[in-house]
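For reference, the structure is listed below as structure tokens.
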There are 2 protein chains.
Amino acid sequence: MYRIGELATACEVTADTLRFYEKNGLFSPSSRSDKGYRLYTEEDARHLKFILRAKAMGFSLTEIRELLNIEASRSDWACADVKGMVEAKAAELQRKIDEMTRLRDSLQELADACCGGPESAIHCSILDTLETK
Amino acid sequence: MYRIGELATACEVTADTLRFYEKNGLFSPSSRSDKGYRLYTEEDARHLKFILRAKAMGFSLTEIRELLNIEASRSDWACADVKGMVEAKAAELQRKIDEMTRLRDSLQELADACCGGPESAIHCSILDTLETK
DNA sequence: ATAAACCTTGGAGTTAGGTCTAAGGTCAAA
DNA sequence: TTTGACCTTAGACCTAACTCCAAGGTTTAT
Ligand SMILES: [Zn+2]
Ligand SMILES: [Zn+2]
Ligand SMILES: [Zn+2]
Ligand SMILES: [Zn+2]
């Protein structure tokens, strides 16, 4: 049995984060000590690692809650459901990547047009563009 | 002279947003009517458009405040300063793009390994990976 | 003259994912 | 036995960029 600080340290998060996850219905200790301390089992630890892996994959806590529901009763779901979630997330990420790429290109174009020299910015093409494009 | 709602409509933002920008030191009306209504000039409108263009380029309001300072006294700055800001922003964006691309690839890999079929997710490789990788 | 549409202010609420504080209880070591 | 490290709770605070509200004053159209 781990106490909250031990599990937190082991998983490189803070105890506050674990309490936050608990309050938000992602993850609770299997039991409490007689004085009210949270006690986590190895199984709880695996549970937390699942959450942290999903988070590292870019899932929001809300989405992780869905994944946990599926994981908790796998037989009620189809592979198609799970794959659908992952592909939707990948597509969402792709849209953001595209958007940011366009932005980066615009910025690079802006930067390329500026001489970048040490003289006064009175004639700076970047400011001119922002002012009047 | 535009009143706040007129300028907001013309620039496709809300009056609340303009008040918010004012409260945060980005942009104020040149004058007020005798009853206290904000009155904006054409110059103010250009000012706002500068802000909105910078925002569309991905600059935060804090960064836009800096850009506005530079724009307000161009001769105190060098092209190098301005170009530096823009390139730093482009680099920051690139880092985020790289991060998201890695994430997207991981998700795609996860999805590719799953059959995506209609049968039960008991054997689902996605959940297995999240559980035990 | 009155209703609709506008404007003012200060301040609260939103989202996401925590982070921190206060005030107190518990446990292990020296 | 007393320090120090740990734990408990409720609830406030943080960032970013708004968004909404209440309660009132003004302007415009009919
Ligand atoms: Zn130059
Ligand atoms: Zn320049
Ligand atoms: Zn399958
Ligand atoms: Zn599967």
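What you see is a predicted model, and the numbers here were worked out from it, not measured in a lab. Hydrogens, waters and symmetry mates are skipped; everything else that's a heavy atom, side chains included, is used. Per chain, numbering begins at 1; letters A, B, ... match sequence-line order.
- With a 4.5 Å cut-off on side-chain heavy atoms, A:L67 and A:M85 count as touching.
- In this entry the distance linking CG of B:N24 with C1' of D:dT15 reads 12 Å, nearest Å.
- By the 30° and 60° cut-offs, the orientation of the rings of A:Y40 relative to A:F27 is parallel.
- Within 4.0 Å (heavy atoms only), A:K23 reaches no atom of the nucleic acid at all.
- Rounded to an integer number of Å, the gap from A:L61 CG to C:dT19 P is 12 Å.
- Between B:M57 and A:L130, the shortest heavy-atom distance links the atoms CG-CD2, 4.4 Å.
- Atom OH in B:Y40 sits about 10 Å away from atom P in C:dC7, given to the nearest Å.
- Of the candidate nucleotides C:dT9, D:dT19, D:dT9, C:dT9 has the atom nearest to the side chain of B:R19.
- A salt bridge between A:R46 and B:E131 is absent, with no side-chain N of the basic residue lying under 4.0 Å from a carboxylate O of the acidic one.
- Residue B:D16 contributes atom CG, which lies 16 Å from atom P of C:dT14 at whole-angstrom precision.
- Candidate nucleotides D:dT19, C:dT9, D:dT27 were compared by shortest atom distance to the side chain of B:T17, and D:dT19 ranks first.
- Atoms CZ (B:F20) and C1' (D:dC21) sit 17 Å apart, rounded to a whole Å.
- A:E6 places its CD atom 16 Å from the P atom of D:dA5, with the value rounded to the nearest Å.
- Side-chain N/O atoms of B:Y37 and base N/O atoms of D:dG25 include a donor-acceptor pair closer than 3.5 Å.
- Two end axes, each from the C1' atoms of five base pairs, can be drawn for the helix from C:dA1-D:dT30 to C:dA30-D:dT1; they diverge by 20°, to 10 degrees.
- A salt bridge links A:E99 with A:R102: the distance from a Lys NZ or Arg NE/NH1/NH2 to an Asp or Glu carboxylate oxygen falls below 4.0 Å.
- Ion pairing of A:R19 with A:E22 is absent here, as no side-chain N (NZ or NE/NH1/NH2) approaches a carboxylate O to less than 4.0 Å.
- Within 4.0 Å (heavy atoms only), A:S60 reaches sugar-phosphate atoms of the nucleic acid but no base atom.
- Atom-to-atom, CZ of B:R3 to P of C:dT8 comes out at 9 Å; the value is rounded to the nearest Å.
- B:Y2 and B:E42 share a side-chain donor-acceptor pair at under 3.5 Å.
- For B:R38, no side-chain nitrogen or oxygen approaches OP1 or OP2 of C:dC7 to under 4.0 Å.
- The distance between atom OH of B:Y2 and atom P of C:dC6, rounded to the nearest whole Å, is 17 Å.
- The side chain of B:K35 approaches D:dT26 more closely than any other nucleotide in the set D:dT26, D:dT19, D:dC7.
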